[in-house]
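Chain identifiers are assigned alphabetically (A, B, ...) following the order of the sequence lines, protein sequences preceding nucleic acid strands; residue numbering begins at 1 within each chain.
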Amino acid sequence: MIAKYQPQEFEGKWREKWKEEGLYGTPLRSLNQRATLGAGKKKFYTLVELPYTSGDLHVGHWFSFTIPDILSRFKRMNGFNVFYPIGYDAFGLPAENAAIKHKIHPKDWTLKNVENMTKQFQTMGTMLNNWDDVVITCLPEYYRWNQWIFLKFWEKGLAYRGKALSNWCPSCQTVLANENIENGKCWRCGNPVIQKQVEQWFLKITDYADRLLWNNHSNGVDWPVSVRVGQNNWIGKKEGVLIKHKVRDLDLVFESFSAFPAWLWADTFIVIAPEHPLVERLVQGTKYEKESEIFVKRMKGKTQEERLKEIDTKEGVFTGRYAKDPFAYAQGKPADMPIWISNFALMDFGSGIIRCSAHDPRDYAFAQKYKIELKEVVERSDKKTPVNAHDNKGILKNSGLFTGKKIEESLAEIVGWIVKQKIGKKHFNYHLRDWSVSRQRYWGTPVPMINCSNCGTVPVPEKDLPVGLPYEVDFTPKGKPFGSAQGKPPLASNEKWLNVKCPKCGKNAKRDAETLDTFFDSAWYWFRYVSPHYDKAPFDKKMVKDLTPVDVYFGGSEHTLGHTMYARFFTKFFHDLGLVDYEEFALKRIQHGVVLGPDGNRMSKSKGNVINPDEVVKEYGTDTVRMYLCFMMPYEATGPWSDKTIAGVHRFLNRVWKIYQNFQFSILNFQSNPNSQNPNDKSNPKSKIQNQDKTLVAKLNKTIQKVTSDIEKIKMNTAIAAMMEMINDWETVVNSQFLISKFQSNPKSQIQNKKNNETMKQLNNSLSVENAKKFLQILAPFAPHMTEEIWRNVFGEKESIHLSSWPKAMETVAETITIPVQVNGKVRDLLIVNSELLIDEKKVTDLALKSEKVKKYLAKKKYRAIYVQGKILNLVVQ
RNA sequence: GUCGGGGUGGCGAAAUUGGCAGACGCGCUGGCUUGAGGUGCCAGUUCCCUUUAAAAAGGAUUGGAGGUUCAAAUCCUCUCCCCGACACCA
């Protein structure tokens, strides 16, 4: 009789139908024709981090795209012109690995994956709406603009070629990205990685450091604390002073940074990093030269793994040189500080040279080990040792003019004095380094530069873009792999591509054979999304003005320090180029957690705990999987997949299905009986309301309200819980009547017969058709297929439920309200109060006093009443 | 070590201008349905103790200890533990 809930039978059908009806066609084309936006609709841009073309869709993709999809559908039903696009991050090393492994070209591998993933994406039932205009970063129409942007950076002096310490595998003779190092070892050959100076391209992100910092107002946008704090720490802006030192007996000056100016009188020695370029000059000609050279060589040869292990071992050698201590000289008591080389001075922090004192635990340990003289300048009343005086508290001694003063009160004065004495200057030190953007690999955007022996580095003229990535390239690692002095980057293996005429002088020149980091590709893709084929600029400015900034940007927390910061950097750069008029590209950022395997571990093929979405969809249907991913945990949380819980969600959809199938029969029943009050008959609106269960109607409206605000807050789990409550209540209303009839009825066979008739009758006493539709509508973003099936088949609607308007919660005033009554803070009774009495404290209290339970605890003692209107009544007995 | 986020039943979790702790789901227990298994349906389910034949009533409870308040998961102080990021940061 009642059709079973078999989603597999209709989900595919609806997806076809939606495609046919153009339900999720890209708004871009209509926007171009000024059709949609012209209608005065507000836009809503939902963005999810673009997926990498790994080959197969996993549960993680479902998780990260489903929740934004629900928000997008919700916004659309609320009258927004929603742009919810997708693209593919298609360049990168995994393609090269797979290519080598499977003996297939990276391009072919990638494009095959795009095709496969697109098919899989479409089974998710999302409203992703740019399938005809998908951005794929490895296509020339995209990377052409990477090159254009690179040239702009070059033009503005923000791109430069330089040397930097990088991860280097001595065996493969190549630079490695951080993600290609496993426990300090090379991913390809398993040998330990060392740090090495390698020449490469950089972007001066440090010029934007201050603007990338998050202020107290979160830069006017809504981003998570974890991102804001994480990025600020990474930028690591620290205020301090830069002290100038002269080296005795040498014409040499260096500076050293200090964030604790109050200790500067305590410093007795200097430590320089082994990699520091000045080391060679310092030791030259001293009797410690040989020893130093051996030490430096040993330190430089350390692998990253070893360095991490030896973090507590401070070792060093004396250079034989002394620096003049400007503080001592200023006091008229000249003193010099020995200069040591040590592994605890870091080349990439400050100037790589430190003034050291007794007040820093590392300095202290080092001085003890090598018997270097120390001096203290901080006196403390507490028992903390001066070694741990990092909190800038205490009274100064041995500090010239400042002796006897409290540190926290004299810091500004001290800095002023240092500047005035020309000992040093105020300085902000940053942790952030310039961004290394070039890679000695094949599968990426070619750097649009030409090296001419005549003119030096020459940019490729804009009109010659794109510099195509040649297909015929030897990208397999051979005897002389990438990036080495002898070996060459793979692009250099294609001589025909490599050799060009210099655009400046016309003589023979060579192309830059490096490619751009894939993070470059993803630093601006959402701009390209709005005009994917635009060929006059990276994007159509008008379209960007109409559709951006992004309203919500969904993604993973692993991109806190990399991608999202680069993306903000590019936005600011675009702002400076006059391409956009804001500096933050996303108004809100939401970071999702991770769906773990059923065993609580990260899903991985080797662990055999991978959930294949295709299989789960086969068993339960798309709607169930979507609902489950929402319901299993909050979006930000990380937790295991549960086969049991998904069955529970499926049960819920099944119950919804049954209720509406019963509805179908009751509608049919009324239609065949014109004398009955047909709830579907719009000419008789009264009948609808009369027959409804008032409590259920109130519940429905509460549910609408709750679901509306929960979706807005991306709390899909509680939105679903609210809908489950609604269905529980609805079923109870239906079943209670049915149970009565069951009691009255006689034999078994008759119950079976009566069941549907009685249920039908009761359904018409529960909710009107109009209200039943409202519930279906709020469920629609979550379970788009099932709701559409019911919408069109049970209610006979012609147009998709997804084009209908989000229902408004009606204000329903409950007749009675339950007020808990406390005696001395403990709930003793619940009062059912007429809602019009609620404002009257005396009447409520009088009512409470009638309760036997309350009387028992009051025990005729004096009491004081505290009444919070409509919420609670507390009677306090002394 | 520094910074950030947390700690609530057997489990995933709800609840924040301070106002009935544990919504919703899983699991479990009992029952109905079924030849059996599953599905489905109905009832119960924070814990412990006390009184009771039972129904029920009382007590405790949001990592721990204090505090503010008529009232605290929520605010304050101290403390323990877990997770994440960065990490020899001068």
Exercise. What nucleotide, of B/rG12, B/rA90, B/rG25, holds the atom closest to the side chain of A/Met633?
Worked result: B/rG12

Exercise. Where the side chain of A/Asn343 is concerned, which of B/rC88, B/rC26, B/rG4 is the nearest nucleotide?
Worked result: B/rC88

For this session: Before accepting this row, confirm whether a basic side-chain N of the pair A/Arg655/A/Glu731 lies closer than 4.0 Å to the acidic partner's carboxylate O.
Result: yes

For this session: Answer syn or anti for B/rG9, where the cut-off is 90° from 0 on the glycosidic torsion.
Result: syn

For this session: Salt-bridge test for A/Lys699 and A/Glu725: reply yes if a basic N is under 4.0 Å from a carboxylate O, no otherwise.
Result: yes

Exercise. On a whole-Å scale, what distance lies between the P atoms belonging to B/rU68 and B/rU77?
Worked result: 15 Å

Problem set entry | Rounded distance (Å) that lies between atom P of B/rG40 and atom CD of A/Glu731 | 12 Å

Seminar exercise, completed: Of the candidates B/rC88, B/rA15, B/rC70, the side chain of A/Lys715 sits closest to B/rA15

For this session: Identify whether any heavy atom of A/Arg228 sits under 4.0 Å from a base atom; if not, whether one sits that close to sugar-phosphate; answer base, sugar-phosphate or nothing.
Result: nothing

For this session: Please measure how far the P atom in B/rU46 lies from the corresponding atom in B/rC24, and state the result in whole Å.
Result: 12 Å

For this session: For A/Val868, report the nucleic acid contact type (base, sugar-phosphate, nothing); a contact means any heavy atom under 4.0 Å.
Result: base

For this session: Would you check if there is a donor-acceptor pair between the side chains of A/Ser557 and A/Glu636 at a distance under 3.5 Å?
Result: no

Problem set entry | Charged N-O contact under 4.0 Å between A/Glu9 and A/Lys4 | no

Exercise. Whole-Å distance between B/rC3 C1' and A/Lys238 NZ?
Worked result: 11 Å

For this session: Give a yes/no on whether any side-chain N or O of A/Lys644 is located under 4.0 angstrom from OP1 or OP2 of B/rG25.
Result: no

For this session: Would you kindly give the NZ-to-C1' distance between A/Lys713 and B/rA14, to the nearest whole Å?
Result: 12 Å

Exercise. Of all residues at least two apart in sequence or in a different chain, which pass the side chain to side chain donor-acceptor pair (under 3.5 Å) check with A/Lys375?
Worked result: none

For this session: Using a heavy-atom cut-off of under 4.0 Å over every strand shown, decide if A/Ser642 touches base, sugar-phosphate, or nothing.
Result: nothing

Problem set entry | Nucleotide nearest A/Ala259 when distance is taken to its side chain, options B/rC86, B/rA14, B/rA90 | B/rA90

Exercise. Taking only side-chain nitrogens and oxygens of A/Asn728, does any of them come within less than 4.0 Å of OP1 or OP2 of B/rG25?
Worked result: yes

Problem set entry | Closest heavy-atom pair and its distance - A/Ile720, A/Cys630 | CD1-CB, 3.5 Å

Exercise. For the pair made of OH in A/Tyr628 and P in B/rA13, what is the distance, rounded to whole Å?
Worked result: 11 Å

Problem set entry | Separation between the P atoms of B/rU74 and B/rU62, rounded to whole Å | 9 Å

Seminar exercise, completed: Picking from B/rG12, B/rC70, B/rC20, the nucleotide nearest the side-chain atoms of A/Asn874 would be B/rC70

Problem set entry | Residue-phosphate contact under 4.0 Å: A/Tyr857 side-chain N/O, B/rG58 OP1/OP2 | yes

For this session: Answer with base, sugar-phosphate or nothing: what part of the nucleic acid does A/Ile819 contact at a heavy-atom distance below 4.0 Å?
Result: nothing

For this session: Pick base, sugar-phosphate or nothing for A/Lys853, based on heavy-atom distances below 4.0 Å to the nucleic acid.
Result: nothing

Exercise. NA contact type, A/Lys314, heavy-atom cut-off 4.0 Å: base, sugar-phosphate, or nothing?
Worked result: base

Exercise. In whole Å, what separates the P atom of B/rA23 from that of B/rG18?
Worked result: 24 Å

Exercise. Taking the P atom of each, how far is B/rU8 from B/rA65, in whole Å?
Worked result: 16 Å

Problem set entry | Touch class at under 4.0 angstrom, heavy-atom based, for A/Asn717 against every strand present | sugar-phosphate

For this session: Rounded off to whole Å, could you give me the CG-to-C1' distance for the A/Asp829 and B/rC20 pair?
Result: 12 Å

Problem set entry | Nearest-neighbour nucleotide for the A/Lys871 side chain, B/rC3, B/rG19, B/rG59 considered | B/rG19

Exercise. Among B/rG12, B/rA15, B/rG4, which nucleotide sits nearest the side chain of A/Ser226?
Worked result: B/rG4

Problem set entry | A/Arg355 charged N/C atom sitting above A/Trp263 aromatic ring, 6.0 Å / 45° | no

Exercise. Which nucleotide in the list B/rG58, B/rC20, B/rC70 gets nearest to the side chain of A/Arg864?
Worked result: B/rC70

Problem set entry | Nucleotide nearest A/Leu346 when distance is taken to its side chain, options B/rC88, B/rC70, B/rA85 | B/rC88

Exercise. Distance-only, no hydrogens or angles: does the A/Thr66 side chain make a donor-acceptor pair with backbone N or O of A/Phe63 under 3.5 Å?
Worked result: no

Seminar exercise, completed: Between A/Arg655 and A/Val225, whichever has its closest RNA chain B nucleotide further toward 5' is A/Val225

Exercise. Would you call A/Arg589-A/Glu49 a salt bridge at under 4.0 Å N-O?
Worked result: yes

Exercise. Could you spell out the base pairing of RNA chain B in dot-bracket, with Watson-Crick or G-U pairs whose two distances are under 3.5 Å, [ ] crossing and | to another strand?
Worked result: (((((((..(((......[....)))((((((.......))))))((.(((....)))))..(((((..]....))))))))))))....

Seminar exercise, completed: To the nearest angstrom, the CG-C1' distance between A/Leu432 and B/rC86 comes to 14 Å

Exercise. For A/Gly230, which contact category applies under a 4.0 Å heavy-atom criterion: base, sugar-phosphate, or nothing?
Worked result: nothing

Exercise. Expressed in angstrom and rounded to an integer, what is the separation of A/Tyr635 atom OH from B/rA13 atom C1'?
Worked result: 19 Å

For this session: Look only at the side chain of A/Asn824 and the backbone of A/Val877, and say whether a donor-acceptor pair between them is shorter than 3.5 Å.
Result: yes

For this session: Would you verify whether the NZ or CZ of A/Lys237 falls within 45 degrees of the ring axis of A/Tyr430 while also being under 6.0 Å from that six-membered ring's centre?
Result: no

For this session: Would you indicate what A/Ala345 reaches in the nucleic acid, counting non-hydrogen atoms under 4.0 angstrom: base, sugar-phosphate, or nothing?
Result: base

Exercise. With rounding to whole Å, what would you report as the distance between B/rU51 and B/rG64 at their P atoms?
Worked result: 28 Å

Problem set entry | Protein-nucleotide distance (A/Ile720, atom CD1; B/rA14, atom P), rounded to Å | 13 Å

Problem set entry | 5' priority, RNA chain B, between A/Trp234 and A/Ile354 [closest heavy atom] | A/Trp234

Exercise. How far, in whole Å, is B/rC70 from B/rC80 if one measures between their C1' atoms?
Worked result: 32 Å

Exercise. Hey, does A/Pro634 reach any base, or is it just sugar-phosphate, or nothing, if we go heavy atoms under 4.0 Å?
Worked result: sugar-phosphate

Exercise. Does A/Arg651 have a side-chain nitrogen or oxygen under 4.0 Å from the phosphate oxygens OP1 or OP2 of B/rC26?
Worked result: yes

Exercise. Looking only at atom P, what distance separates B/rA57 and B/rG4, rounded to whole Å?
Worked result: 48 Å

Problem set entry | Residue A/Asn233, side-chain atoms from C-beta onward, closest of B/rC3, B/rC24, B/rC26 | B/rC3

